[in-house]
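Chain letters run A, B, ... following the sequence lines, proteins first and then strands; every chain starts at 1. Note that this is a predicted model, so its numbers are computed, not measured.
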Amino acid sequence: MIVRLKLPDGSYVEIENGSTPEDVAKSISESLAKRAFGAVVDGQLWDLKRPLPQKDEVEFRVVTEKDPEALEFLRHTMAHIMAQAVMRIYGKDKVKLGIGPTIENGFYYDFDLDGVKITEDDLNRIEEEMKKIIEEDLEIERFELPKDEAIKLMEKENQTYKIELIKEIPDDKVSFYKQGEFLDLCRGPHLPSTGYARYFKLLSVSGAYWRGDERNPMLQRIYGTAFTKKSDLEAHLKFVEEAKRRDHRKIGPQLGLFTLHPDVAPGLPFFHPKGVIVLNELIEFWRKLHKEWGYQEIMTPLIMHERLWHQSGHWDHYKENMYFTEKENQIYAVKPMNCPGHIVIYKSMSVSYRDLPLRFSELGKVHRYERSGVLHGLFRVRGFTQDDAHIFCTVEQIEDEVRGVAELTHQLYSPFGFEYFVELSTMPEDHMGDEETWEKATNALKRALDSMGLEYRINEGEGAFYGPKIDYHIRDCLGRPWQCATIQLDFMMPERFDLKYMGPDNVEHRPVMIHRALYGSLERFLGILIEHFEGAFPTWLAPVQARVIPIADRHNEYAEKVRKTLETHGIRVDVDTKSHTTSYKVRAAQLEKIPYMLVVGDKEMETGTVAVRLRSGKDLKQMPLEKVISAIKEEIDKKLLHSVFEE
RNA sequence: GCCAGUGUAGCUCAACGGUAGAGCGGCUGAUUUGUAAUCAGCAGGUUGUGGGUUCGAAUCCCACCGCUGGCUCCA
């Protein structure tokens, strides 16, 4: 039998049955065969020395280190090499293997080491052993076994976790990989030999429950990263460093934005004056846009009686995450969400179809219990402010409303320079409401996104049980994604609370609710901004927008005059009158990431100018005061990302 | 909550069984300075908390508390 291979350029090659990707690569060129890591066969990653499937025709592509798939081969094999090294060091009979997959930037492997603890200091030793294994250039062989034989083999090896895995695999046969003395149940793919392995580094050790379930034993996980090119590894390690440098938990307190006091209020940040300035700018911008888009701002109580939460369903489904307080034998809940409060307002009104859509917005402070181990700066907290809104509308209005929210979101995100991508989650298996309504609603969401020309990914079955939803993920300057905006349709709440509006037919109808938050959480959004800008906020957000720096005491009076002038133009400005050198004061302003430094000395005093320095280090020399003021004002008004003096 | 690491002045860190120290920051004074650190002095710590070992503990042991990295990415 002859197999026809379709190559990426559209041409065909015919090969004999039983040929491997290596044979094919050789037939194309020797050098290609040498560089090949493996292949992609009908979209599936295929080992270099594994015979090709017995089909009439397959699509075929060789993978070399230049292809993105190369990392899959490399990292899978790296995980095995690491496991082999761990077994050599700690003794084969002491080590039980968990799973060892590839992840976004590397790989990990979980081990049960019979009570022995791995610490970060051991990573060096493991790395050394891994290098030896790579040098040994052990051939990596793949073989298949029927499940019962596979279980016997693993019983012999005392690999109890693997046995559990084999039992759950639906196929009749399972595959193994072997390199030297190391053997592992594995789907692959793998490199042809350990000598192909490249630039790697072990990063950290941590505990991880077997299969992610806390009722299971805890295994020890080692994380590593690996790349086909040295420069990629270096770039990645640099990225990790860079992310550490931008950590909002460090920059935030440094710049006087907020502090955390876990002894007093774990998971509840304290915002200092400068932090509040930034938050208030975000809020002001938000309010302006929401007014334009026809929202009415409301305020609802922080704590509300338990009966409301029974009715909303939170008592049954969300109680574990809620805080409670009791007075006069009545239980009150601290709100974890704003929707029930908004519904109380809706219900207190008699709503006509002419009133819809009704858009209620609220900067609602919500509290949700999070387990102490997961708290993280401003990103994972127990109390935060949602820029929430609920739109009550008819099914027919969904599309327009969602499009409106999507456009509003776009406007809200635009001054920050974020790229973003969108996901649409559809009906899950466990859902409420009839499928027809779901379909209608989901199609309305799709049409809204399509009409905006937004690209989106569909997550089948990932919607909430009460309705489909749209999620926005923004990418910061390091390319890290953050889920922020969410738009969720809700058929359930209107039902539970028996919401109605009077239709044109003089009959009562049920409205639909759209929950939506755009920043998501103000606190979290601030955290993202701190990391995105590394604390150097665009001028409109900067807590101090300009600092006047007098050179000597005799310039203090003029400096104060300059400060007052800027202030009357609404610019946030201060003066550094400390008895220090100019260099010192410039450095201080620089470290505070103040956008404009206005140095004033004899020359400036005489001519009524200021010497402008930008935080980029750029010295603009002397400039008339009015010119600087109008530039700063323009920058603030237009919410520009960079100084108008910088291209 | 669980695993590992970690906890010394406001911050960054030193001392690793023998009297807790430095730099930065703060305060005071001198200096009057031209674009990323002028000089001097002063204040500041029950070494996270509690217990134990020891003649003696920041240091060794135990417990608790906080913090950091993980605990989703299924051979």
message = salt bridge (Lys or Arg N to Asp or Glu O under 4.0 Å) for Glu241(A) and Lys244(A)? Distances and angles first, verdict last.
response = CA-CA 5 Å; Glu241(A) 278 303 304; Lys244(A) 215 187 275 174; 3.6 Å; yes

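One can place NZ of Lys250(A) at 14 Å from C1' of rC67(B), the figure rounded to the nearest angstrom. Regarding Gln254(A), its CD atom lies at a distance of 12 Å from the C1' atom of rC24(B), rounded to whole Å. Going from atom CG of Leu113(A) over to atom P of rA4(B) covers 12 Å, rounded to whole Å. The interatomic distance linking Ile126(A) (CD1) with rA4(B) (C1') rounds to 13 Å, in whole Å. One atom, CG of Leu260(A), and another, C1' of rG66(B), lie 12 Å apart when rounded to the nearest Å. In this structure, the CE atom of Met218(A) is 5 Å from the C1' atom of rC71(B), given to the nearest Å.
Residue-level contact check: Ile169(A) touches the bases, meaning some heavy atom is under 4.0 Å from a base atom. Contact annotation for Ile551(A): base contact, defined as any heavy-atom pair under 4.0 Å involving a base atom. Note on Glu604(A): a base of the nucleic acid sits closer than 4.0 angstrom, heavy atoms only. Residue Arg547(A) is classed as having no contact, given no heavy-atom separation below 4.0 Å to the nucleic acid.
Remark: Arg613(A) is in phosphate contact with rA36(B), judged by side-chain N or O atoms under 4.0 Å from OP1 or OP2. One finds no side-chain N or O of His376(A) lying less than 4.0 angstrom from the OP1 or OP2 phosphate oxygen of rG70(B). Side-chain nitrogen and oxygen atoms of Ser206(A) include none within less than 4.0 Å of the OP1 or OP2 phosphate oxygen of rC3(B). Arg249(A) has a side-chain polar atom (N or O) that falls below the 4.0 Å cut-off from OP1 or OP2 of rG69(B).
Here the CD1 atom belonging to Ile166(A) is positioned 12.5 Å from the NZ atom belonging to Lys152(A), to the nearest 0.5 angstrom.
One P atom belongs to rC11(B), the other to rG48(B), and the distance between them is 13 Å to the nearest Å. Distance noted for atom P between rG34(B) and rC16(B): 44 Å (whole Å). Spacing between rA63(B) and rC55(B) at atom C1', rounded to whole Å, works out to 26 Å. Remark: the separation of the C1' atoms in rA9(B) and rA58(B) is 14 Å, to the nearest Å. Taking atom C1' in both rC61(B) and rC73(B), the straight-line distance is 40 Å, to the nearest Å. Comparing the P positions of rU72(B) and rA14(B) gives a spacing of 34 Å, expressed to the nearest Å. Using atom C1' as the reference point in both rG44(B) and rA22(B), the two lie 14 Å apart (nearest Å). Between the C1' atoms of rU59(B) and rG21(B), the separation comes to 15 Å (whole Å).
The listed nucleotides are rC73(B), rG69(B), rC71(B); the one nearest the side chain of Ile103(A) is rC73(B). For Pro262(A), the side-chain atoms get nearest to rC67(B) when compared with the rest of rC71(B), rC67(B), rU38(B). Considering only side-chain atoms of Thr582(A), the nucleotide from rC2(B), rU68(B), rU33(B) that sits closest is rU33(B). Of the candidate nucleotides rC74(B), rC73(B), rG34(B), rC74(B) has the atom lying nearest to any side-chain atom of Pro101(A). Relative to the side chain of Tyr108(A), the nucleotides rA36(B), rU33(B), rC73(B) differ in distance, and rC73(B) lies closest. Here the side chain of Val374(A) is nearest to one of rA36(B), rU38(B), rC71(B), namely rC71(B). Among rU32(B), rC73(B), rU35(B), the nucleotide with an atom closest to any side-chain atom of Ser579(A) is rU32(B). With distances taken from any side-chain atom of Ser204(A) to the nucleotides rG69(B), rU35(B), rC71(B), the minimum falls on rG69(B). Closest to the side chain of Tyr584(A), from the set rG25(B), rC73(B), rU35(B), is rG25(B).
In summary, Lys92(A) and Glu181(A) do not engage in a salt bridge, as defined by a charged side-chain N under 4.0 Å from a carboxylate O. Contact check on Glu560(A) versus Arg563(A) returns a salt bridge, with a Lys/Arg side-chain nitrogen under 4.0 Å from an Asp/Glu carboxylate oxygen. Using a 4.0 Å cut-off between a side-chain N of Lys or Arg and a carboxylate O of Asp or Glu, Glu423(A) and Arg457(A) qualify as a salt bridge. A salt bridge is absent between Glu462(A) and Lys469(A): the closest approach of a Lys/Arg side-chain nitrogen to an acidic carboxylate oxygen does not fall below 4.0 angstrom. The pair Glu534(A)-Arg246(A) meets the salt-bridge criterion, with a side-chain N (NZ, NE, NH1 or NH2) lying under 4.0 Å from an Asp/Glu carboxylate O.
Screening residues 585-600 of chain A for salt bridge (charged side-chain N to carboxylate O under 4.0 Å, His left out) gives Lys274(A)-Glu592(A), Arg547(A)-Glu592(A) as the qualifying pairs, with residues at least two apart or on separate chains. Note on residues 548-559 of chain A: pairs passing salt bridge (charged side-chain N to carboxylate O under 4.0 Å, His left out), not counting sequence neighbours, are Arg554(A)-Asp602(A).
Panel note: side chain Thr194(A), backbone Ile133(A); a donor-acceptor pair is recorded below 3.5 Å.
You'll find the ring centres of Tyr109(A) and Phe107(A) outside the 6.0 Å limit.
Residues meeting the side-chain hydrogen bond (donor to acceptor under 3.5 Å, both in side chains) test with His532(A), sequence neighbours left out: none.
His376(A) and His248(A) have tilted rings, their planes meeting at an angle from 30° to 60° on a 0 to 90° scale. The aromatic rings of Phe270(A) and His261(A) stand perpendicular to each other, their planes meeting at an angle above 60°, with 30° marking the opposite boundary.
Using a 4.0 Å cutoff on non-hydrogen atoms, the parts of residues 585-598 of chain A near RNA chain B are Val586(A), Arg587(A), Gln590(A), Leu591(A), ordered by number. RNA chain B is contacted by Ala552(A), Asp553(A), Arg554(A) of residues 552-559 of chain A, taking any non-hydrogen atom closer than 4.0 Å.
Between Asp184(A) and Lys578(A), it is Lys578(A) whose nearest contact on RNA chain B lies nearer the 5' terminus. Taking the nucleotide of RNA chain B with the nearest heavy atom to each of Ser583(A) and Ser175(A), the more 5' of the two is matched to Ser583(A).
Looking at RNA chain B, the stems built from 3 or more consecutive Watson-Crick or G-U wobble pairs, each pair with its key distances under 3.5 Å, are B:1-7 with B:65-71, B:10-13 with B:21-24, B:26-30 with B:38-42, B:48-52 with B:60-64.
Tested against Phe176(A), the residues Met154(A), Glu144(A), Arg142(A) include a single side-chain contact (heavy atoms from CB on, under 4.5 Å) partner, Met154(A).
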